[in-house]
Amino acid sequence: MESPLAATLRAAVFAARVHATHTRKGAAAEPYVNHVLEVAALLAEHGAPDVAVIAGLLHDTVEDSSDDPEPVTLAALAAEFGEEVAGIVAEVSDDKSLPKEVRKALQVRQAAKKSAAARQLKLADKISNLRAIMASPPRAWEHARRVEYVGWAGRVAVGLRGCNPGLEALFDATYRAAMAKLAEEA
Ligand code: ZN
């Protein structure tokens, strides 16, 4: 039987391979894998279940490999890491066939309907994304767009509450710091 640590590291290696050619949108163009490691670490630090930590490592592999020569499928994740992990990744993945604004609205509307593991993962994802927007915003994102993004993340997070007080408190602090910085820059 594989230990949780071995499964977690196997997921980290899998994610690093999938994201090997991907970078973050920010001006610093950080390796994408830094983001999924941060999300998984946030989940582990705040006592999320092992399946959520493993799904945290894998959460962007399906969405972000759709244009790659060999896209990762949910079926492949299920075969490698089990149905539960694949199910959590499915819950946190957007339907990329929909326009961006529709996807963003759906995230707000559907947040509260997701499983506890998926909600914790999404909260950790939003914390990492808010940090990235503040530390290294995409070059083309002017002030209004950053404000809009932070506000939207806050609206998604409303529906993610009730499953992990520690992560919720960290999200709130990150959100407040982001809004304060943006107010200063206005
Ligand atoms: Zn993500």
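Worth knowing before you read on, the calculation uses all heavy atoms, side chains too, and leaves out hydrogens, waters and symmetry mates. What you are looking at is a predicted structure, and each value in this text was computed from that prediction instead of being measured. Along the sequence shown, residues carry numbers from 1. Remember, it's 1-based here, ligands and their atoms both numbered in the order they're listed.
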| query | Is the shortest heavy-atom distance from the side chain of H35 to the side chain of N129 under 4.5 Å? | reply | yes
| Within a reach of under 6.0 Å around CD of E84, are more than 12 heavy atoms found that belong to other residues, nucleotides or ligands? |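 Not buried by this count: 12 neighbours or fewer within 6.0 Å.
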| said: Tell me if the CZ atom of R17 is crowded by more than 12 foreign heavy atoms within 6.0 Å. | reply: no
As a test of reading the structure, name the N/O/S atom of [X] that is nearest the Zn ion (ligand 1).
X	value
D125	OD1
H59	NE2
D60	OD2

| Pair T23, E30: side-chain N/O donor-acceptor within cut-off below 3.5 Å |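 The answer is no; no qualifying pair exists.
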